[in-house]
Amino acid sequence: MWHYSLYIDVLLLFLIGLANLTSVSFKKSNAVTAERMKAFAHLANLVDLDLERCLKIHGGLVHLEGLKKLERLNINCCNCLRDSDISSLSGLTNLRELQMSSCKVTDIGIAHLKGLQNLVNLNLEGCLVTGAALEFISGLTSLLYLNLSRCCLTDDGCDKFTGLVKLKVLNLGFNNVTDSCLVHIKDLINLESLNLDSCKIGDDGLVNLKGLAQLRNLELSDTEVGSIGLRYLSGLRNLENVNLSFTMVTDSGLRKLSGLTSLKSLNLDCRQITDVGLVALASLSGLTHLDLFGARITDAGTSCLRNFKNLRSLELCGGYITDAGVKNIKDLVSLTVLNLSQNSSLTDRALEYVSGLTALVSLNVSNSHVTNAGLQHLKPLKNLRSLSLESCKVTATELKKLHLSSLPNLVNFRPE
Ligand SMILES: *[C@@H]1O[C@H](CO)[C@@H](O)[C@H](O)[C@H]1NC(C)=O
Ligand SMILES: *[C@@H]1O[C@H](CO)[C@@H](O)[C@H](O)[C@H]1NC(C)=O
Ligand SMILES: *[C@@H]1O[C@H](CO)[C@@H](O)[C@H](O)[C@H]1NC(C)=O
Ligand SMILES: *[C@@H]1O[C@H](CO)[C@@H](O)[C@H](O)[C@H]1NC(C)=O
Ligand SMILES: *[C@@H]1O[C@H](CO)[C@@H](O)[C@H](O)[C@H]1NC(C)=O
Ligand SMILES: CC(=O)N[C@H]1CO[C@H](CO)[C@@H](O)[C@@H]1O
């Protein structure tokens, strides 16, 4: 935003005159340098400071040491920062939120945070943090939100999680933690969201989630979780969003989810899921988002989808659907996002069935036999903003005509 550093100098001088300022944001500014940060030292009333993606501030945090009223600091993606910089934050005991993802900070830097007893929200995503840092973090007992995604965690130190009993949101995604780590999560009964994306956990680990009655969001994508583990989730009556994409879950496991009528969003992008599994989910009539992207659902299976009257988003791209299958979803009038791509036998008839889904905002029927002649069926879809018909028999010229004549809200269409 600020292209000339001269402007920044003037602005920083101006800030000095505004000692009452409580909120300052300089996102993505290379003009904020360690030297120029001297100006911040005068802002004794500052409560909010946003320096996200400021890449020249190494050495400058020292000028924040006197800002005792600071409650929120965002230094996400300031990858110039080192452990020494973090020592300047150790006295900012009013801090409630500290966003420092993708900083090159290690356990040594994290040790400087141990006195920040009022921290509620700590984001360390992508920092060079190991289990040794959990010792310091475990003392931050006010924490409600802790993001440790893409750190360097293993099972070492996981026992320290037990102290963080207030935690509502814990993100451990993309760490090398295993089932042994989850043993120490089991008493965090206030957890509402748990992210274990791509962790090395399996069925045995999920037994530790059984008592997490407040759990609403569970991300298990790309783990070794299979059908046996799902039995431990069957009592979690508040679960709303579950992601099981790229797991080992099979049809037989889905039966264990059938009582979770609170479910709103379910991702089953797994090759081994078939119609049989889908039948087991028929009771989940509250679903608003269902992702069966790579699942092998056939026309017979799509008849179950009729139950899901509240569906707003559906992905069905496994390659087994014909026009007859699309007929089964033609009355799901709440749909706003529909992806039927990669079912090459779909024809213009499929577009005819879709023509009543007037709430659609995004439609994808790429890699099919849809032709220019079928485009007329899309004219009623006045809410469409995105339309993808790539690798079909549709030309860019005809699609453009449809846009100009009937679908003025289209902003993104292919081919173009
Ligand atoms: C963790 O941090 C990343 C990066 O800031 C963010 O994209 C993600 O949404 C966060 N996750 C949670 C659960 O807060
Ligand atoms: C996880 O472990 C694998 C080896 O098992 C290693 O290659 C990888 O770097 C580790 N990742 C992290 C984030 O520690
Ligand atoms: C589930 O996981 C997949 C793969 O990691 C991801 O693409 C998707 O956005 C996740 N969330 C939902 C709600 O499907
Ligand atoms: C499928 O298409 C929908 C609608 O265009 C889109 O929102 C979604 O991102 C697509 N899914 C994938 C995995 O590309
Ligand atoms: C349509 O779906 C395909 C996956 O089959 C995806 O690669 C593409 O990005 C999607 N297009 C849009 C606009 O969402
Ligand atoms: C039933 C049917 O014709 N399925 C096809 C869906 O599209 C994929 C390729 O995208 C084909 O491999 C399937 O045969």
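In this chain, numbering begins with 1 at the start of the sequence shown. Fair warning: this is a prediction, and the values are worked out from it, not measured in the lab. Remember, it's 1-based here, ligands and their atoms both numbered in the order they're listed.
- Formation of a donor-acceptor pair under 3.5 Å by the D275 side chain with backbone atoms of T298 is found in this model.
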Pairwise, report which nitrogen or oxygen atoms of ligand 6 are under 3.5 angstrom from protein nitrogen or oxygen atoms, and how far apart they are.
{"from": "ligand 6", "atom 1": "3 (O)", "to": "S345", "atom 2": "OG", "distance (Å)": "3.1"}
{"from": "ligand 6", "atom 1": "4 (N)", "to": "G319", "atom 2": "O", "distance (Å)": "2.4"}
{"from": "ligand 6", "atom 1": "7 (O)", "to": "Q342", "atom 2": "O", "distance (Å)": "3.1"}
{"from": "ligand 6", "atom 1": "7 (O)", "to": "S344", "atom 2": "N", "distance (Å)": "2.5"}
{"from": "ligand 6", "atom 1": "7 (O)", "to": "S344", "atom 2": "OG", "distance (Å)": "3.1"}
{"from": "ligand 6", "atom 1": "10 (O)", "to": "Q342", "atom 2": "O", "distance (Å)": "3.2"}

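- Within the structure, ring pair (Phe, Tyr, Trp, His ring centres under 6.0 Å) contacts touching residues 358-416 (residues at least two apart or in different chains) are H403-F413.
- Note that CG of N175 and NZ of K200 are 10.0 Å apart. Values are rounded to the nearest 0.5 Å.
- Contact check for L375 versus K401: no side-chain heavy atoms found under the 4.5 Å cut-off.
- Set against the non-hydrogen atoms of N267, the atoms of ligand 3 under 4.0 Å away are 1 (C), 12 (C), 14 (O).
- You'll find the side chain of C181 reaches within 4.5 Å of the side chain of D155, heavy atoms only.
- Ligand 4 is surrounded by F293, E315, V337, L338, N339, S362, N364, each with at least one heavy atom closer than 4.0 Å.
- Formation of a donor-acceptor pair under 3.5 Å by the R72 side chain with backbone atoms of Q99 is not found in this model.
- Ligand 3 places these atoms under 4.0 Å from at least one heavy atom of N243: 1 (C), 2 (O), 3 (C), 8 (C), 10 (C), 11 (N), 12 (C), 14 (O).
- Counting only N and O atoms by type, the side chains of E65 and S88 include a donor and acceptor under 3.5 Å apart.
- Heavy-atom contacts of F246 reach the following atoms of ligand 3: 4 (C) (cutoff under 4.0 Å).
- Within the 4.5 Å cutoff, the side chain of E219 has no heavy atoms near those of the N241 side chain.
- Checked against disulfide bond (SG atoms under 2.5 Å apart), C304 has no partners two or more places apart in sequence or in another chain.
- A distance below 2.5 Å between sulfur gamma atoms is not met by C103 and C77.
- For the residue pair S366/S388, the side-chain donor-acceptor check at 3.5 Å is satisfied.
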